[in-house]
Amino acid sequence: MSQTVTEFGVHDIRFPTSEQLDGSDAMNPDPDYSAAYVVLRTGDGAEGHGFCFTIGRGNDVLAAAIEALRPYVIGRRAPRTAADLAALHIELTHDSQLRWLGPEKGVMHMAAGAVINAAWDLAAKAAGLPVWEFLAGMTPEELVSLVDFRYLTDALTPTEALEILRAAEPGRAERAARLRAEGYPAYTTSPGWLGYDDTKLVTLAEQAVADGFQQIKLKVGGDLDDDVRRMKLARAAVGPDIRIAVDANQRWDVPDAIRWMTALAPHEPHWIEEPTSPDDILGHAAVRAGQPVKVATGEHVANRVVFKQLLQAEAVDFVQIDAARVAGVNENLAILLLAAKYGKPVCPHAGGVGLCELVQHLAMFDYVAVSGTWEDRVIEYVDHLHEHFTDPAVIESGRYVTPGAPGFSARMRPESIAAHRYPDGPVWQARRTTEEANS
């Protein structure tokens, strides 16, 4: 049977999470967690799954952008090796006409990431390995070949990347064994959505500690007095030894961020996440210098170049990669190497639809084969929508259990796709019927 990609399916999948205010924050008050979802199928029956995360409206735009990449994949031999995956990454991100729509950022770049991640899922399944282990089994030379170093060499050269990877190579087997035995540290955002009332915040914060989490996160940025009150409640609920990060979701101008965090600082927030525009490197540097709380950002950073500048400008303390924002595994590898070069911990963004499932692989690979440490590193966890995946992320005692199934943990259940397809799936038909009855 053929190992050529013969089918390229794209789906607009949306979940009505706005009904319970799950995911609500100061910038995104009513998100409907969504995925522009792609399935690659080969003639021999293999499948690769990938997606981009959105919060509702515009998911169709992203699905259309993914569809525009069909000609690059249909009829192509399914990627199996580092060379195959590097070639696909370059072709999808270097097409001059599609690249014009970014360049290398925004909807078209995210679409490329969805297809690239689906290709990694396909390749790892062919190897019989989870993506983290598939990556960690590659040689330093193969890993360097996956990275597009254009625009990076003033901060990170291929030679420097090779040195980082070779330095981590001797302990790979021992770290992989420890990872399987202990899992990877996690933190939870589930208590902290801005739309939750105080009782729900306290109850969920206490539950998080009981479940073994050593860090929680609160959304901030609506009202300063409310944020101070909520921070006090959370601190009382979890005690002095549990870290509490706060996340403004790009809500503030720089002076507002400094004022707000100066007021919250006595309650010892572990970091302030996305204090201002994700594109504002100098703004992040000013926030970092202007108040005592450490700065984290990255979930909306468009590409490796902006990450490079954040690190060069000493504007960030924690690098927050996102598995579905940049151009897939390849570009995230570049960002992991940049973070290692500058000595900054990587604490990935997750939650959403399937982001926990994807990004666990990248963080675990980083521990095994790049940074060699999980010191001061955690992966975000949000307890939403995992039931829709055939290999969902698993948390035990506040740590991610190492995934063992081949692939990228990206396959969504067919019945979930059918039920939540927008706008014609039965979930959305029922919602429209309810809205019409109440109008």
Side-chain angles (χ1 to χ4, degrees), residues 17-31 33 55 186-278 284 287-288 290-297 299-300 317-318 320 347 349-352 378-384 395 398:
T17 51
S18 61
E19 292 176 357
Q20 304 299 323
L21 296 179
D22 297 335
S24 54
D25 59 56
M27 286 294 280
N28 309 291
D30 59 350
Y33 280 179
I55 61 168
Y187 76 91
T188 180
T189 305
S190 293
W193 302 117
L194 206 58
Y196 288 176
D197 62 30
D198 291 352
T199 299
K200 190 168 186 178
L201 184 159
V202 170
T203 299
L204 292 176
E206 291 173 343
Q207 185 61 53
V209 176
D211 290 341
F213 290 100
Q214 297 298 303
Q215 179 175 324
I216 67 170
K217 188 166 74 181
L218 301 185
K219 299 294 185 173
V220 296
D223 176 86
L224 179 54
D225 291 338
D226 283 345
D227 286 346
V228 171
R229 187 194 75 255
R230 292 171 69 252
M231 188 73 180
K232 287 180 179 178
L233 288 169
R235 178 58 69 198
V238 303
D241 298 326
I242 301 297
R243 296 186 299 270
I244 304 177
V246 296
D247 183 357
N249 291 96
Q250 315 159 33
R251 179 69 173 173
W252 301 318
D253 281 4
V254 169
D256 293 326
I258 293 171
R259 176 174 61 89
W260 219 285
M261 292 314 302
T262 300
L264 288 175
H267 306 289
E268 299 184 345
H270 185 57
W271 70 54
I272 173 58
E273 184 173 331
E274 289 198 309
T276 192
S277 166
H284 275 82
V287 172
R288 185 170 181 260
Q291 50 78 48
V293 179
K294 291 181 178 180
V295 171
T297 200
E299 71 182 80
H300 281 87
D317 296 286
F318 299 96
Q320 294 181 304
C347 298
H349 169 248
V378 281
I379 307 172
E380 185 173 19
Y381 179 75
V382 178
D383 191 16
H384 298 151
I395 296 288

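The figures here come from the full heavy-atom set of this structure, side chains too, leaving out hydrogens, waters and symmetry mates. Predicted, not measured: the structure shown is a model, and the values here were computed from it.
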Q: Do the non-hydrogen side-chain atoms of Tyr187 and Arg243 ever get within less than 4.5 Å of each other?
A: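 No; the side chains remain at least 4.5 Å from each other.
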Q: Hey, what do you get for CZ (Arg251) to OG (Ser277), rounding to the nearest 0.5 Å?
A: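 Result: 14.0 Å between the selected atoms.
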Q: What do the steps show when you test Glu380 against Thr188 for side chain to side chain contact (heavy atoms under 4.5 Å, CB included), and what is the final call?
A: CA-CA 6 Å; Glu380 185 173 19; Thr188 180; over 6 Å; no
Q: Kindly give the heavy-atom pair with the smallest separation between Gln215 and Ala245, and that separation in Å.
A: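 For Gln215 versus Ala245, the nearest heavy atoms are NE2-CB, 3.7 Å.
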Q: Pair Asp198, Arg229 - check salt bridge (charged side-chain N to carboxylate O under 4.0 Å, His left out), show working.
A: CA-CA 9 Å; Asp198 291 352; Arg229 187 194 75 255; 3.0 Å; yes
Q: Any salt bridge linking Asp197 with Lys200? Criterion: basic side-chain nitrogen under 4.0 Å from a carboxylate oxygen.
A: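 So Asp197 does not pair with Lys200 through a salt bridge.
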Q: Tell me the closest heavy-atom pair linking Ile216 and Ala205, and the distance in Å.
A: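 For Ile216 and Ala205, the tightest heavy-atom pair comes out as CD1-CB, 4.0 Å.
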Q: Pair Gln320, Trp271 - check side chain to side chain contact (heavy atoms under 4.5 Å, CB included), show working.
A: CA-CA 12 Å; Gln320 294 181 304; Trp271 70 54; 3.5 Å; yes
Q: Any chance you could measure Thr297, atom OG1, to His349, atom NE2, to the nearest 0.5 Å?
A: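 These two atoms lie 10.5 Å from each other.
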Q: Would a distance-only check, ignoring hydrogens and angles, find a side-chain to backbone donor-acceptor pair under 3.5 Å from Asp211 to Phe213?
A: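 No, because the side chain of Asp211 does not come within donor-acceptor range (under 3.5 Å) of the backbone of Phe213.
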Q: Determine the minimum heavy-atom distance between Pro275 and His284, stating which atoms define it.
A: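 Minimum heavy-atom contact is CD-NE2, 3.6 Å.
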Q: Keeping the roles fixed (side chain from Glu273, backbone from Asp247), state whether a donor-acceptor pair exists under 3.5 Å.
A: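 Absent.
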Q: Any idea which heavy atoms bring Val287 and Ala257 closest together, and the distance?
A: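 Heavy atoms of Val287 and Ala257 come nearest at CG2-CB, 3.8 Å.
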Q: Please state whether the rings of His384 and Tyr33 are parallel, tilted or perpendicular, taking 30° and 60° as the class boundaries.
A: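 Ring orientation of His384 relative to Tyr33: tilted.
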Q: Answer whether the closest heavy-atom distance between the side chains of His267 and Val228 falls below 4.5 Å.
A: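 Yes, side chains in contact.
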Q: Atom OH of Tyr381 and atom CD1 of Ile395: how far apart are they, to the nearest 0.5 Å?
A: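 Tyr381 atom OH to Ile395 atom CD1 measures 5.5 Å (nearest 0.5 Å).
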Q: With distance as the sole test, does Asp223 use its side chain to make a donor-acceptor pair with the main-chain N or O of Asp225 at under 3.5 Å?
A: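 Flag set: sc Asp223 to bb Asp225 pair under 3.5 Å.
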Q: Just by distance, do the side chain of Ser190 and the backbone of Val382 share a donor-acceptor pair under 3.5 Å?
A: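 Not at all, since once roles are kept as given, no pair shorter than 3.5 Å links the two residues.
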Q: Side chains of Glu274 and Gln250 only: does a donor on one sit below 3.5 Å from an acceptor on the other?
A: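 Result is yes, a qualifying pair exists.
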Q: For Gly290 and Ile258, which heavy atoms make the closest approach, and how far apart are they?
A: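 Smallest interatomic distance, heavy atoms only, reads O-CG2, 3.3 Å.
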Q: Give a yes or no on whether the backbone of Pro31 and the side-chain of Thr17 come within a donor-acceptor separation of less than 3.5 Å.
A: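 Here the side-chain-to-backbone pair exists.
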Q: Under 3.5 Å, is there a donor-acceptor pair between the side chain of Arg235 and the main chain of Ile242?
A: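 The answer is yes, because a donor-acceptor pair under 3.5 Å joins these two groups.
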Q: Does the side chain of Lys294 reach to within under 4.5 Å of the side chain of Phe318, using non-hydrogen atoms?
A: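 Yes; the side chains approach each other to less than 4.5 Å.
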Q: State, yes or no, whether a side-chain contact exists between Gln291 and Leu264 at a heavy-atom distance under 4.5 Å.
A: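 A side-chain contact is absent here, since even the closest heavy-atom pair is not under 4.5 Å.
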Q: So which heavy atom on Val246 is nearest to which on Met261, and how close?
A: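 Scanning both residues, the minimum pair turns out to be CG2-CE, 3.7 Å.
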Q: Is it true that a side-chain atom of Arg230 and a backbone atom of Gly192 form a donor plus acceptor pair closer than 3.5 Å?
A: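 Yes, the answer is positive, given that a donor and an acceptor are paired below the 3.5 Å cut-off.
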Q: Between Thr189 and Lys219, is there a side-chain heavy-atom distance shorter than 4.5 Å?
A: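 In contact.
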Q: Can you check whether Met231 reaches Leu218 side chain to side chain, under 4.5 Å on heavy atoms?
A: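 A side-chain contact under 4.5 Å exists here.
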Q: Where the side chain of Asp317 meets the backbone of Val295, is there a donor-acceptor pair that is under 3.5 Å apart?
A: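 Indeed, once roles are kept as given, a pair shorter than 3.5 Å links the two residues.
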